[in-house]
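Just the heavy atoms: all of them, side chains too, but no hydrogens, waters or symmetry mates, feed the values below. All values reported here derive from a predicted model rather than from experimental measurement.
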Amino acid sequence: MEAVTEADAADAVRRAGSFAVRGPVFGVAAQGADDGARWRVVVAVSADNPQEARDSLNSLLWFKAKDDAKDRAERRGILAAVARLESERVEELTVLGTRYRIVRAEEYAGEGSGGIELPRPSDPEPAAPDWDSTTLAARIDGGLVLDPDAPLTPAQAAETLALRSLTYTGKRFPTPVRNDSLRARETHPDVVLLPATYTLVERSSTGWTPASSMHPTPHEARKTLEYTLLQFEPHRRRLLPDVHTDARTLLASGDCDPHTAAQLAAYVAGADQLRAAPVNELEVHGVVYRIARTRRMLRWGPDGPETPRPTDPTGQDPCAIHVPLDEDGNLMPAPTPGPETDTDNT
């Protein structure tokens, strides 16, 4: 299998003449006393901004305080970290001897004359595709350990070497963003590759536009495409009577006019193609959909993975996202708002 994967990677390099960089994504990594130089991903590196990753860490620690704390002292320590996350844009904090860090990665994809890279033949595919929308998919970065000293395949080594010099260039990036990018190349000169992900994209006049979040496998991205064809797009175009009906059900019922039926038939035909074979590109009503193989690189310095840069998007302000807990892990009532001041009578 390793030889097949290496051959696929070599073929991909020949087809893709360049990298298309989408921008940063964020997650949370943790390092315990016994981890050495390694860090464990505890929140998938997939958030659009650092605050989204901080909020996920807030939830992770809140539930740890509620369900896993051994005693009051331990719970107090965890809740102190939660309180900081509710009011500060922290990049790193230590909780009960474990360092938690907001980490930054760069999302990119191979791109050549045929467009953005498709899934490779050696990428994971289920033996029996499950199209049930309620089935939980594997988590992105689930159990992932970031190890700067882990052995690399020849293809991984070549990709890592090529990405070490990657910086933002071009006038579409503001000068402060380009300066941060150059600085990061010096402070975090090494690169750690994260597992490939898969994203539904649409072709536009300017290139390929993401139409979904990341998925752990090509099949999960195809399930999102099926939902897009059978529900999202028909609803957006007002072809369906309500949110409980999909294109396949309405078309089979015959309870629609000929014009609507013709439009729904194209969506259903596209969904049928997906189920008949592992299709990675479809055109429906003039829109070209593709399952793109997206990748992520994380910069690494002497103290580990890179944190967010000053010029990265910040997201919303920190705030409380769970009800307070007392020292015994019990939910506390939410604060009661005080009486409003009647300014008209002053």
(Q) Checking T294 against T197: is there a side-chain donor and acceptor pair closer than 3.5 Å? (A) yes
Q. Do the side chains of V43 and F26 join up, straight or via other hydrophobic residues, at under 4.5 Å, putting them in one cluster?
A. no
(Q) Ring-plane angle category for W62 and H322, please: parallel below 30°, perpendicular beyond 60°, tilted otherwise. (A) parallel
Q.
Would you compute the distance between atom CD of E220 and atom NZ of K223 and round it to the nearest 0.5 angstrom?
A. 4.5 Å
Q.
Donor-acceptor pair, distance only, cut-off 3.5 Å: does the side chain of R164 make one with the backbone of P189?
A. yes
**Q.** Residue pair D149, R38: steps toward the salt bridge (charged side-chain N to carboxylate O under 4.0 Å, His left out) verdict
**A.** CA-CA 9 Å; D149 300 319; R38 297 182 297 274; over 6 Å; no
Q) Do you see a donor-acceptor pair shorter than 3.5 Å between the side chains of Y168 and E106? A) yes
(Q) With side chain to side chain contact (heavy atoms under 4.5 Å, CB included) as the test, pick out the partner of R222 among E125, R275, H215. (A) E125
Q: Spell out, yes or no, whether I78 and L93 are grouped together once hydrophobic residues are joined by side-chain heavy atoms under 4.5 Å, including indirect joins.
A: yes
Q. With no hydrogens and no angle check, is any side-chain donor or acceptor of R290 less than 3.5 Å from a backbone partner on I116?
A. yes
Q | Approximate separation, where rounding is to 0.5 Å, of L230 CG and L264 CG | A | 9.5 Å
Q) In Å and rounded to the nearest 0.5 Å, what is the OH to OG1 distance from Y198 to T217? A) 8.0 Å
Q) Is there a donor-acceptor contact under 3.5 Å linking the side chains of Q31 and R101? A) no
Q. Side-chain donor-acceptor pair under 3.5 Å between T175 and R178, yes or no?
A. yes
(Q) Go through it in stages, so that I can follow the logic: the residues are V103 and T307, the test is side chain to side chain contact (heavy atoms under 4.5 Å, CB included), and I'd like the CA-CA distance, side-chain angles, deciding distance and then a yes or no. (A) CA-CA 5 Å; V103 298; T307 57; 5.9 Å; no
